[in-house]
Every structure is written in structure tokens, then in C-alpha cells.
Amino acid sequence: MLDLRAKYLEQIGAAPDAAGLEAVRLAALGKKGEIALKMRELGQMSAEERQAAGPVLNGLKSEIDAALKARKAALEDAALDARLKTEWLDVTLPGRPRPMGTIHPISQVMEELTAIFADMGFAVAEGPQVESDWYNFDALNIAPEHPARQEHDTFFMHRDAGDDRPPHVLRTHTSPVQIRAMQAQGAPIRVIAPGRVYRMDMDQTHTPMFHQVEGLAIDRDISMAQLKWTLEEFCRAFFELDEVELRFRASHFPFTEPSAEVDIRCSWDNGQLKLGEGNDWLEILGSGMVHPNVLRAGGIDPDEWQGFAFGMGIDRIAMLKYGIPDLRAFFESDLRWLRHYGFAALDQPSLAAGLSR
Ligand code: 2NL
């Protein structure tokens, strides 16, 4: 008996894992285990022998049982300790900062100018960037022999050989959007059309894709005075100036008559541009009274209705407002570049944090 006790307690203590321990349990306490065999032998013993051996055997059984349980608990503890050691995680470590994106300056400027014109009652219209030549040219009173319709400026879409229809174009201005708006809505109408436009031009100050916003107001007696007020009001709000002064210079566009190029009063003091003051003028947009042919193309009777229209480059006014001197800011969209030029969206602390590494 003492041999059994020593043997099993030693094996239990040496069991390396749960499986080893289970093998020991079966050998000792299992149905065909050594203790069970001894229990069975009690039946062949005399009463006195049985009275002596029984309690010893029972005591041995519970001692081994307890030792098994204790060893099992110890093995589980050790396994947990090992796991905690390998799966340890320092939740107090600082996070890894990730550089964050921000709204593109062109998108922000589009939102700004849309909000300003919306306050003045203009709705936003959108349309296709691939246009028919009718919407892009004919409807705007641009004659077939006009230079813009020749190869130079315009991206023409492909036509199959033998297909003699005039090719579609990448719109060269957002005016076709306003033709479509006039056709859909009729007069009176007040819309702006911001969006991408395309011209075959690529140098320091031109990109083949750029952004334009055009505006259109048609009613029974819209005048150039209202055009001027609308543009002044826009410039005051957009450039955040108390005072603006605009100058209309006679000009020519096929789609307006009369036409005016619009300059804003400014100063250039040692290379620093200031809008709203000074003795210089900076051209910012083109405008005029909508040509009767263009009204007709939009399905509006020029004997009953008239109105103004204007168009300006968004990239250009974005650069003016935020002091961005170079188109690379738009190509590369590099946050460090934009921050260098004090782009306003970067003033938000959460965005600045992403840049500070
Ligand atoms: C410029 C000149 C201009 C328009 C665009 C327009 C649109 C319709 C009818 C008449 Cl539907 N006109 N647009 C008018 C005058 C000038 O843009 O220099 N843009 C950058």
C-alpha cells in the first residue's frame, strides 16, 4: 500500500501536462486501475483483514484523488501564467500617429462659393462632362469656324471610321449645364454650375483639367446693374472683405452681348497681393448679358426674358484667396505644401496633429 501511495504521488507530481495526469488517474483510479483491483481483492479477505485494509484503501483513494486535483489546478495555473506572459500588451503605450487627409482646396472653395450664391437664391446645376458639340458650342452661339472648335483647344472624343456625326467633346466650360437647366426649367431661372472643364493646355499656369463656376440669372428685366451687385456681393463674401470695388471692361464673348471682363481693385506691395484696396486691378472673371441666340437654344423667348451670365476659374480664385502661388498644390495635394501656404482647412487642430510628425 505504501508503495502504491509513493508511486502514484510521485507520478502525479511529475505529470507534465493534463494528458499525462489523466494517464496517471486511469492507472490508479480508473475502472481497471490498480486501486480498483485492490478494492476487488477486499471481497476475498476475511472480515478482520477487510476491516483493516478497507479504510487504508479508501484513505489512499481520496489522497490520490486530492493530489490529482491539486496537480491539475497547478498545471492550469502554470498554463495561464505562460499565456499571460506571451500575450502581454502595454495598453499605456502611445498610439501610432497616422497622417490625416483633409478636404481638397478646390472642393472647399466650391463649397464656399456654392453657399454664397445659395444665399442669393441660386440653385446648383450639374451636367455631363462629355458633351455633344451642340451643347458645348452651337447652343452657346459659338460659330463652326470659331477657333475653339478647331483642333487646338478642345478634346474631341473618338468616332468610328465612316461615322460622320460630329464627335462629342470634353466640355470646355460649364455653360452646357446652364443650357440644359434652361431647357429643363425655363424662365425665370437662377443657377450656378460649378465643375470640371477641359482644355488642351499645359504649362506653368494651365492644366488640361480645371474648374469653373458659371452663373445665370434670367427674368423679365434683369440688368447689368444686378450683375454688378451680385458679383460685388460674391467677392465681398468670398474674399472676406469689408469693401470691394469691381471694374467692368468691355469685352467680347460669343454667348453674351454686351460682354464685360471684371477686375477687382487690389494692391501689390513688395510682392504681396491685397484685394479691395490700392491702385491696381486684377482680372477675376468674365460676364455679360445672355445673347438672344443662347436664350433661344435654351428654349427661352428673348422677346420676353433677359438675363446675365458670368464665368470664373475656381482654381484661380482658390489660389487668390489662400495665397497658393503654384498649381502644384492642386496636382500633388501634398498637405505639407498646403500648410506652407496657410490653407485654412489645416487650422483645425485634429488635422494639424496628423501633420506634426
Ligand atoms: C470667362 C468667361 C463667361 C459666360 C461665361 C454664359 C453661359 C450661358 C449663357 C451666357 Cl448659358 N454666358 N457664360 C458668360 C460670360 C463669360 O466666362 O472668362 N470665364 C472664365
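Just follow the structure's listing: the first ligand is 1, and inside any ligand the first atom is 1. All values below come from the heavy atoms of this structure, side chains included, with hydrogens, waters and symmetry mates left out.
Following chains of ILVMFWY side-chain contacts shorter than 4.5 Å, one cannot reach V197 starting from M157, and the two form parts of different hydrophobic clusters.
Under 3.5 Å, the side chains of E63 and Y8 contain no donor-acceptor pair of N or O atoms. S46 and E49 are linked by a side-chain donor-acceptor pair at a separation below 3.5 angstrom, with hydrogens and angles left out of the test.
Here F248 and F308 keep their ring centres 6.0 angstrom or further from each other.
Considering only non-hydrogen protein atoms, atom 8 (C) of ligand 1 sits nearest to L140 CD2, 3.8 Å. Nearest protein heavy-atom contact of atom 13 (N) of ligand 1 is E214 OE1, 2.8 Å. Atom 11 (Cl) of ligand 1 has as its closest protein heavy atom Q178 CB, 3.6 Å. Scanning all protein heavy atoms for the shortest distance to atom 20 (C) of ligand 1 gives G311 O, 3.6 Å. For atom 18 (O) of ligand 1, the closest non-hydrogen atom of the protein is G286 N, 3.9 Å. The single protein non-hydrogen atom nearest to atom 12 (N) of ligand 1 is A309 CB, 3.2 Å, given as residue, atom name and distance.
Numbered from 1 in the order shown, with element, the atoms of ligand 1 that lie under 4.0 Å from a heavy atom of T256 read 10 (C), 12 (N), 14 (C), 15 (C). In summary, the atoms of ligand 1 found under 4.0 Å from a heavy atom of S287, numbered by their order in the structure, are 15 (C), 16 (C). Which parts of ligand 1 touch V294 is read off a 4.0 Å heavy-atom cut-off, strictly below it: atoms 9 (C).
Cation-pi geometry between K321 and F239 is not met at under 6.0 angstrom from the ring centre and within 45 degrees of the axis. In this structure, R180 is positioned above the aromatic face of Y135, its NZ or CZ under 6.0 Å from the six-membered ring centre and within 45° of the axis.
Under 4.0 Å is where a charged nitrogen must lie from a carboxylate oxygen, and between K69 and D65 at least one such pair does. In this structure, K72 pairs ionically with E76, as a charged nitrogen and a carboxylate oxygen lie closer than 4.0 Å.
Remark: among candidates F310, F255, F253, the nearest residue to atom 2 (C) of ligand 1 is F253, based on non-hydrogen atoms.
Contact annotation for Q212 and ligand 1: only side-chain heavy atoms (C-beta onward) come within less than 4.0 Å of the ligand.
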